[in-house]
Number of protein chains: 4
Amino acid sequence: MSGKPNELRADARRNRERVLRTAQQMFAQEGLNVSLDEIARRAGVGPGTVHRHFPAKEALYLAVATDMLQQLVDEAERLAAGDDPAALFTLLSRMMAAGAENAAVKSALAAAEFDLRTAAPDLAADLARHVEGLLGRAHAAGTVRTDATTDEVMALVAGAFAAIRHAGAETSRRRSAHLAGIILDGLRPVAR
Amino acid sequence: MSGKPNELRADARRNRERVLRTAQQMFAQEGLNVSLDEIARRAGVGPGTVHRHFPAKEALYLAVATDMLQQLVDEAERLAAGDDPAALFTLLSRMMAAGAENAAVKSALAAAEFDLRTAAPDLAADLARHVEGLLGRAHAAGTVRTDATTDEVMALVAGAFAAIRHAGAETSRRRSAHLAGIILDGLRPVAR
Amino acid sequence: MSGKPNELRADARRNRERVLRTAQQMFAQEGLNVSLDEIARRAGVGPGTVHRHFPAKEALYLAVATDMLQQLVDEAERLAAGDDPAALFTLLSRMMAAGAENAAVKSALAAAEFDLRTAAPDLAADLARHVEGLLGRAHAAGTVRTDATTDEVMALVAGAFAAIRHAGAETSRRRSAHLAGIILDGLRPVAR
Amino acid sequence: MSGKPNELRADARRNRERVLRTAQQMFAQEGLNVSLDEIARRAGVGPGTVHRHFPAKEALYLAVATDMLQQLVDEAERLAAGDDPAALFTLLSRMMAAGAENAAVKSALAAAEFDLRTAAPDLAADLARHVEGLLGRAHAAGTVRTDATTDEVMALVAGAFAAIRHAGAETSRRRSAHLAGIILDGLRPVAR
DNA sequence: GATGAATGAGACTTCATTCAT
DNA sequence: AATGAATGAAGTCTCATTCAT
């Protein structure tokens, strides 16, 4: 009878968090086919607890994906608030770098036909809006080729994830950055 | 008891082929989780027949993946036989363009931790060898940045697949080519 | 620590009553498989509260059934106190008419092998005793066939419940009475 | 490639039959809540086999109920083909007598809100039609009270099931017949 | 005493694989 | 060799019951 009704009990939130983190790790390591029972076991809760927080497996996919996307949106917001003309490249680099671990999840989700643009349209739109803003700024500053659209930039980020992922799990941070750099170079003005 | 023991009866080969094509399509459309029964049904054979040709589901994954890879190797071989210094770009363009449909399968396989380099090492090595040769030729001709390695080029191809796939199924051929172009541009000498 | 230890606090009794009524309605509407969580929800209490008052689901069945039976016993007692020779028919009519809503619960309980005669032997015996007394009175008055036993009369009441229930929920009160009448007519002396 | 395509393989039919019989017995003995796994175990097949023949639990309910109803329809058809004016009473007696064992199933099905009139409307309509015909014949012969409708007769049969069932599992065949007789007596002309 | 989250056995169902026909 | 029924382990989800708050 106290506290805001919208807030979970302390133990409930702790469990929800634990399940979410465990799911994120396992999806990345083993793919989306890991069983909820296994996730529950590793999170140290019963299968029923998983179900209370995420009534169906899709809800868990959605939560994991949303969580990842939210972090990117936050980063984008921070950058959009500044006035660095190179912010677009910074954001893209961050997205790619941060995606080192999460690319597996993203790839797994994509393979399961789980599209963030459908599942969390608001967040995806937010991200696209920020990228669009930064892209416009970059166009104005002449730091990016004029024929690159927002959608293409987003697609290239997905491509960079895949490239890094393909290069192998043992790929160093430096090598990942190099790959990302090549793709970002492709975005620069073509005047050569 | 006649003919070479290694050769399948005509109907058997026809069935094998039908199952393989059906599986390829369904993996691309629905992901790797489609049931073998469903594949059998659409291929017009019984589930037992699928199992005769592909004793386990992984064998079917392998066959589908190998089949895809083989086409790329063939293309690479043809280009390596010529002497066009731009052959590398031609190959990469072809790989990216041809990957439109197969990207889904590749992505799905990757998500399932199914690595072609492990599953079909010979073919993968063939492809890498050809790319390496073409890359060397391009380096010599000065049409590609000197810090790009064979592995990175291969990774970028995977990245292009993902980018095209992410851009959506409705993406036109022209837009796909544009995306691939941006990635290829990143590979050109950085002299700017 | 005040009052008689056997008496519940006011709010506790109110909750117990609410759960009991809700359960009765839901058993009648949905069958015995409704979940306790759902009952709790509709009663406006937490699942833990249901469990406090009814430690196991069977205890809730028992309470619902006992409650229903008690009403019949009360009615029988009133009639036994009078001296109307037709009291048997009055009682049976009342039982059949009153059973309209409860028949669903009785039927469900019967299907679950839940026997009131076992679960609440005292109440059941009370009712049987009263019916026996009224049956004897009717025999003496010659208003009932001589070969009808107490057990059979009880069984016929159960039959009337089922017949009314089978006729459908939309059955009017008049039609229910007609069905009951036919069964009661079968109990009259066979002199024909 | 031989035989009629509509016919099951010998072993398949044998299994289907076994599952159906087992389900019928267990529903009668334990109610509808018995698990499909348990039915499979007792029938000596795997759970998957149950699922192949009855894709969902409702399909098994339907099959059991339909099977029971079919037997009654067959009996009714035979009697309708004859010209015995007492055929109605014969049919009702048979229904009640045959229901000794199956009443439990019927009651269980009814308790689960599973209505044969909805699930197998054709069979139920067939039965109702035959009863109607026999009832008309009885009316003409003056062996049944004129105010009894087809629906009421059907309801009374359900009532007789319940009465017999309520009288207890140990009830002898003779006692069952007596109960049924009382109900049928109620259907005779009221001229007394 | 009430609440509602956690538990975990078990329900229904799916499906890769085996095997009788 | 092909078929399709059978198998049974495993998956997702439910819910009676327990327990921390």
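If you find the closest nucleotide of DNA chain E to C:G44 and to A:G44, the one lying nearer the 5' end belongs to C:G44.
In this structure, D:T22 contributes its side chain and D:R18 its backbone to a donor-acceptor pair below 3.5 Å. A distance-only check finds no donor-acceptor pair linking the side chain of B:K57 to the backbone of B:S35 [under 3.5 Å]. Checking side-chain atoms of A:T49 against main-chain N and O of A:V45 turns up no donor-acceptor pair under 3.5 Å.
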Problem - Base-contact (B) and sugar-phosphate-only (S) positions in nucleotides 12-21 of chain F, heavy-atom cut-off under 4.0 Å, - elsewhere - result: BBB-SSB---
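Minimum heavy-atom separation, C:L69 to C:A124: CD2-N, 3.8 Å.
The side chain of C:H53 places an N or O atom within less than 4.0 Å of a non-bridging phosphate oxygen (OP1 or OP2) of E:dA2. The shortest distance between the side-chain N/O atoms of B:N15 and the OP1/OP2 oxygens of F:dA1 is not below 4.0 Å.
If you take CG of D:L60 and P of E:dA11, they are 15 Å apart, rounded to a whole angstrom. Atom CD1 of C:I39 is separated from atom C1' of E:dG4 by 17 Å (rounded to the nearest Å). We find that CZ of C:R18 is positioned 14 Å from C1' of E:dG1, with the value rounded to whole Å. In this structure, D:E17 atom CD and F:dA5 atom P are separated by 16 Å, rounded to whole Å. Protein atom CD of D:E38 is 15 Å distant from nucleotide atom C1' of E:dA9, rounded to whole Å. Rounded to whole angstrom, the span from the CZ atom of D:R52 across to the P atom of F:dA6 amounts to 6 Å.
Atom CG of C:L36 sits about 10.5 Å away from atom CE of C:M26, to the nearest 0.5 Å. Rounding to the nearest 0.5 Å places CD1 of D:I39 at 10.0 Å from CD of D:E30. To the nearest 0.5 angstrom, C:L20 atom CG is 12.0 Å from C:N15 atom CG.
Listed nucleotides: E:dG4, F:dA5, E:dT7. Nearest to the side chain of A:V45: E:dT7. Among the nucleotides E:dA5, E:dT3, F:dA6, the one closest to any side-chain atom of A:A12 is E:dA5.
For D:Y61 and D:F27, the ring centers are positioned less than 6.0 Å apart.
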Problem - Dot-bracket line, read 5' to 3' along DNA chain F, where crossing pairs take [ ] and | marks a partner on another strand, Watson-Crick or G-U under 3.5 Å - result: .||||||||||||||||||||
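A side chain to side chain donor-acceptor pair (under 3.5 Å) with A:E17 holds for exactly one of A:R14, A:R21, A:R13; it is A:R21.
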